[in-house]
**Q** 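One structure, as structure tokens, below. Some questions next.
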Amino acid sequence: MRALTYQGKQDVRVETVPDPRIQDPTDVIVRITSTGICGSDLHLCEVLGPYLDPGDILGHEPMGVVEEVGPEVTAVAAGDRVVIPFNVSCGHCYMCGQGLHSQCETTQVRERGMGASLFGYTKLYGQVPGGQAEYLRVPFGNALPIKVPHGPADDRFVYLSDVLPTAWQAVEYADIPPGGSVTVLGLGPIGAMAARIALHRGAGLVIGVDLVPERLDRVSGYGATCLDLRRYGKNLGDAVRDLTDGRGTDAVIDAVGMEAHGSPVAKAAHTAVGLLPDALAQRMMETAGVDRLAALHTAIDVVRRGGTISVSGVYGGSADPMPMLTLFDKQIQLRMGQANVKRWVDDLLPLLIDGDPLGVDSFATHHLPLEEGPQAYETFRKKGDGMIKTLLIP
């Protein structure tokens with residue numbers, strides 16, 4: 001089969017690799033019909049590269065049609081249409097029972113001290129082959145695949161793999177009061193969808209912040225008040241307080257993470273990690289603060305006293321400095337973590353089957369053949385061609 005593979009820093013290629021096969025009685029093989037490129041995929045080609053091997057298959061946002069099932073699979077059958085969550089979760093352990101599928105005790109990567117395995121996402125998360133490929137082996141076939149109806153285009157359901165549950169959890173964790181206010185930092189796919197979900201769930205004021213014009217325009221078109229970071233810069237906090245009676249918003253969603261602009265020292269650390277041999281780079285990641293924390297510091301500034309910060313953007317450093325005095329003094333609540341995809345499916349599926357209130361049908365800006373995946377990664381990295389969300393079609 002053809003699959004998009006990691007080959008080195010900023011080097012991904014589509015190659016012919018062995019087809020996946022049934023390895024466990026509860027496995028299923030899915031023929032992929034659509035698979036997204038995520039902002040966190042770009043991290044693999046930069047700071048998280050030391051945890052990958054050349055030839056690793058990338059991607060964690062797939063959907064498709066069941067091609068083959070193991071002898072103990074009863075929940076799905078060949079021909080069923082399914083979305084695959086990016087968490088590899090068993091569905092029956094203690095953590096899955098708590099709705100914490102990203103902490104699944106069956107697939108936790110204990111040798112690394114990490115949570116549940118993820119498709120297509122480094123040795124830190126199990127080095128499981130990903131979904132930017134023609135076929136995907138999916139374990140836990142009776143619990144993991146999300147069965148969806150035939151009919152609507154893939155765009156209606158594919159975001160159940162990551163974007164929708166990640167954005168939904170970001171809003172849930174933000175704990176916005178009815179009619180309250182939230183600032184969304186970063187209007188890429190997760191931030192844009194979080195803004196739509198916050199409005200759908202009754203937020204009175206959603207402030208979106210970014211520096212890419214196309215992203216600002218998209219989110220303002222859904223009813224958010226958008227602030228261009230290029231204009232406000234270090235005065236962003238004052239601009240948010242001007243819109244909220246001088247207090248700041250009830251909540252802030254950090255949908256940026258380690259990609260934040262405005263931290264040249266941490267940017268240099270990212271570059272340095274990429275130049276080191278893998279063993280040394282891993283050691284630096286695990287003992288140093290290498291993240292660009294501009295977005296998180298901005299969140300702390302613009303949230304009101306007693307408010308909540310919800311972090312959905314990915315961070316990678318183990319010793320990043322935190323302004324504990326300010327967090328304590330402002331009495332800020334902080335929630336974060338990988339999305340627990342299966343936890344939110346029951347909330348989200350009715351919004352996809354009964355209509356399209358979140359605009360998923362038109363959410364993708366690009367649909368490209370899998371063979372054009374390497375060019376798509378480069379365009380996305382450079383924020384070119386108005387690219388915000390790309391679906392690859394094997």
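Since we're looking at a predicted model, the values are computed, not measured. Residues take their numbers from the sequence shown, with the count starting at 1.
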**Q** Can you check whether Asp361's main-chain N or O pairs, donor with acceptor, with Asp356's side chain at less than 3.5 Å?
**A**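 Between the backbone of Asp361 and the side chain of Asp356 there is a qualifying donor-acceptor contact (under 3.5 Å).
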**Q** Hey, could you give me the CD/CD distance between Gln375 and Glu372, rounded to the nearest 0.5 Å?
**A**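 Here the interatomic distance stands at 5.5 Å.
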**Q** So, do Asp41 and Gln132 sit near enough that their side-chain heavy atoms are less than 4.5 Å apart?
**A**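 Yes. Closest side-chain heavy atoms under 4.5 Å.
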**Q** Kindly give the heavy-atom pair with the smallest separation between Ala133 and Ile32, and that separation in Å.
**A**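 For Ala133 versus Ile32, the nearest heavy atoms are O-CB, 3.2 Å.
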**Q** How close do Leu160 and Val148 get, counting heavy atoms only, and between which atoms?
**A**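 Taking every non-hydrogen atom into account, CD1-CG1, 4.2 Å.
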**Q** Please identify which of these residues, Val163, Asp155, Leu164, meets the side-chain contact (heavy atoms from CB on, under 4.5 Å) condition with Phe363.
**A**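 Single pass found, and it is Val163.
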**Q** Is it true that atom CZ of Arg156 has more than 12 heavy atoms of other residues, nucleotides or ligands lying nearer than 6.0 Å?
**A**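 Enclosed: over 12 neighbouring heavy atoms sit under 6.0 Å from CZ of Arg156.
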**Q** Which distance, rounded to the nearest 0.5 Å, do you find between the CG of Asp329 and the CD1 of Ile300?
**A**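 If we round to the nearest 0.5 Å, Asp329:CG and Ile300:CD1 are 12.0 Å apart.
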**Q** Decide whether Thr244 and Ser181 meet the rule of one side-chain donor and one side-chain acceptor closer than 3.5 Å.
**A**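 The answer is no; no qualifying pair exists.
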**Q** Hey, does the side chain of Asp80 reach the backbone of Ala77 with a donor-acceptor pair shorter than 3.5 angstrom?
**A**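 Present.
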**Q** Over 60° means perpendicular and under 30° means parallel, so classify the ring planes of Tyr173 and Trp344, tilted if in between.
**A**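 It falls in the perpendicular class, over 60°.
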**Q** Applying salt bridge (Lys or Arg N to Asp or Glu O under 4.0 Å) to Lys123 and Asp56, what does each step give before you reach the verdict?
**A** CA-CA 10 Å; Lys123 297 171 185 175; Asp56 281 354; over 6 Å; no
**Q** So, do Thr183 and Leu185 sit near enough that their side-chain heavy atoms are less than 4.5 Å apart?
**A**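 Result yes, sub-4.5 Å side-chain heavy-atom pair found.
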**Q** Do Val17 and Ile57 touch side chain to side chain, with heavy atoms closer than 4.5 Å?
**A**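 Val17 reaches Ile57 side chain to side chain.
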**Q** Grab the two heavy atoms, one from Val28 and one from Gly141, that are nearest each other, plus how far apart they are.
**A**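 Distance-wise, the nearest heavy atoms are CG1-CA, 4.0 Å.
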**Q** Would you find a donor on one side and an acceptor on the other, under 3.5 Å apart, between the side chain of Asp19 and the backbone of Met1?
**A**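 The answer is yes, because a donor-acceptor pair under 3.5 Å joins these two groups.
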**Q** Checking side-chain hydrogen bond (donor to acceptor under 3.5 Å, both in side chains) for the pair Glu15/Gln7: CA distance, chi angles, key distance, verdict?
**A** CA-CA 10 Å; Glu15 296 190 324; Gln7 297 297 332; 3.2 Å; yes
**Q** Does Gly180 offer a backbone N or O that forms a donor-acceptor pair with the side chain of Asp250 under 3.5 Å?
**A**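 No, because the side chain of Asp250 does not come within donor-acceptor range (under 3.5 Å) of the backbone of Gly180.
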**Q** So, does Asp210 use its side chain to make a donor-acceptor pair with the main chain of Leu187 at under 3.5 Å?
**A**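 Here the side-chain-to-backbone pair exists.
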**Q** Step by step, would you call Phe86 with His60 a ring-ring contact (aromatic ring centres under 6.0 Å, His included)?
**A** CA-CA 5 Å; Phe86 74 90; His60 58 269; 5.7 Å; yes
**Q** Could you walk me through whether Asp347 and Arg343 pass the salt bridge (Lys or Arg N to Asp or Glu O under 4.0 Å) check?
**A** CA-CA 9 Å; Asp347 296 293; Arg343 164 66 180 82; 3.7 Å; yes
**Q** Give a yes or no answer on whether the side chain of Lys147 reaches the backbone of Val76 with a donor-acceptor pair at less than 3.5 Å.
**A**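 Judged by distance alone, no pair lies under 3.5 Å.
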**Q** Supply the atom-to-atom distance Asp162 CG to Glu61 CD, rounded to the nearest 0.5 angstrom.
**A**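 Those atoms lie 4.5 Å apart.
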**Q** State whether the number of non-hydrogen atoms from other residues, nucleotides or ligands found under 6.0 Å of Glu111 atom CD is greater than 12.
**A**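 Count over threshold, so yes.
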**Q** Closest approach of Ile22 and Val69, non-hydrogen atoms and distance?
**A**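 Closest pair (atom of Ile22, atom of Val69, distance): CD1-C, 4.1 Å.
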**Q** Is the shortest side-chain N to carboxylate O distance from Arg335 to Asp175 below 4.0 Å?
**A**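 Salt bridge: no.
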**Q** Heavy atoms, side chains only, cut-off 4.5 Å: are Met63 and Arg81 in contact?
**A**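 With C-beta onward as the side chain, the pair touches.
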**Q** Do Pro213 and Arg230 have side chains that approach each other closer than 4.5 Å (heavy atoms only, starting at C-beta)?
**A**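 Yes, their side chains come closer than 4.5 Å.
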**Q** Give me the atom names and distance for the closest heavy-atom approach of Ala299 to Val252.
**A**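 Heavy-atom minimum between the residues: CB-CG1, 3.5 Å.
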**Q** Quiz question: by atom type and distance under 3.5 Å, do the side chains of Gln98 and Gln103 form a donor-acceptor pair?
**A**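 Checked: Gln98/Gln103 side chains show no N/O donor-acceptor pair below 3.5 Å.
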**Q** Between the side chains of Arg241 and Asp245, is the shortest nitrogen-to-carboxylate-oxygen separation below 4.0 Å, so that they form an ion pair?
**A**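 The answer is no: the pair does not qualify as a salt bridge.
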**Q** For Thr365 and Lys389, indicate whether the former's side chain and the latter's backbone hold a donor-acceptor pair under 3.5 Å.
**A**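 Side chain of Thr365 to backbone of Lys389: a pair is present.
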**Q** Under 4.5 Å between any side-chain heavy atoms of Glu105 and Arg110, yes or no?
**A**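 SC-SC contact between Glu105 and Arg110 confirmed.
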**Q** What's the separation between atom OG1 in Thr326 and atom CD in Gln331, rounded to the nearest 0.5 Å?
**A**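 Output value for this atom pair is 14.0 Å.
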**Q** Shortest non-hydrogen contact from Phe157 to Val83?
**A**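 Phe157 and Val83 have their closest heavy atoms at O-CG2, 3.5 Å.
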**Q** Under 3.5 Å, is there a donor-acceptor pair between the side chain of Asp27 and the main chain of Gly70?
**A**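 Such a contact is absent between Asp27 side chain and Gly70 backbone.
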**Q** Flag the pair Leu144 / Val138 as yes when at least one side-chain heavy-atom distance between them is below 4.5 Å, and no otherwise.
**A**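 Leu144 vs Val138: side chains touch.
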**Q** Could you tell me whether Arg13 and Glu371 have a side-chain N and a carboxylate O separated by less than 4.0 Å?
**A**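 So Arg13 does not pair with Glu371 through a salt bridge.
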**Q** Answer with yes or no whether the side chains of Asn87 and Ser89 bring together a donor and an acceptor at under 3.5 Å.
**A**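 Checked: Ser89/Asn87 side chains show no N/O donor-acceptor pair below 3.5 Å.
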**Q** Tell me yes or no: between the side chains of Thr16 and Arg2, is some donor less than 3.5 Å from an acceptor?
**A**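 There is such a pair (donor and acceptor under 3.5 Å, judged by atom type) between the side chains of Thr16 and Arg2.
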**Q** Roughly how far, to the nearest 0.5 Å, is SG of Cys38 from OH of Tyr121?
**A**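 One gets 7.0 Å once the value is rounded to the nearest 0.5 Å.
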**Q** Is there a donor-acceptor contact under 3.5 Å linking the side chains of Gln108 and Thr106?
**A**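 No - no donor-acceptor pair under 3.5 Å links their side chains.
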**Q** Strictly below 4.0 Å, N to O, side chains only: are Arg31 and Glu67 in salt-bridge contact?
**A**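 Looking at Glu67 together with Arg31, the answer is yes, because their closest N to O distance falls below 4.0 Å.
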**Q** I want to check something: taking the side chain as every heavy atom from C-beta on, are Pro189 and Ile388 in contact at a cut-off of under 4.5 Å?
**A**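 In short, these two side chains touch, coming nearer than 4.5 Å.
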**Q** Which residue in the set Ile253, Val171, Val206, Val184 passes side-chain contact (heavy atoms from CB on, under 4.5 Å) when paired with Ile197?
**A**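 Exactly one candidate clears the test, Val171.
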**Q** Would you check if the side chain of Asn340 reaches a backbone N or O of Ser102 as a donor-acceptor pair within less than 3.5 Å?
**A**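 Between the backbone of Ser102 and the side chain of Asn340 there is a qualifying donor-acceptor contact (under 3.5 Å).
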**Q** Please step through side-chain hydrogen bond (donor to acceptor under 3.5 Å, both in side chains) for the pair Gln127 and Asp53, ending with a clear verdict.
**A** CA-CA 9 Å; Gln127 207 168 21; Asp53 291 327; 3.0 Å; yes
**Q** If only atom types and distance count, is the side chain of Lys330 paired as donor or acceptor with the main-chain N or O of Val303 below 3.5 Å?
**A**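 Pair found, side chain donor or acceptor close to backbone of Val303.
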**Q** Report the distance from atom CZ of Phe380 to atom CG of Asp385, rounding to the nearest 0.5 Å.
**A**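 Atom-to-atom, Phe380:CZ and Asp385:CG are 12.5 Å apart.
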**Q** Is Glu214 salt-bridged to Arg218, going by a charged N under 4.0 Å from an acidic O?
**A**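 No, Glu214 and Arg218 are not salt-bridged.
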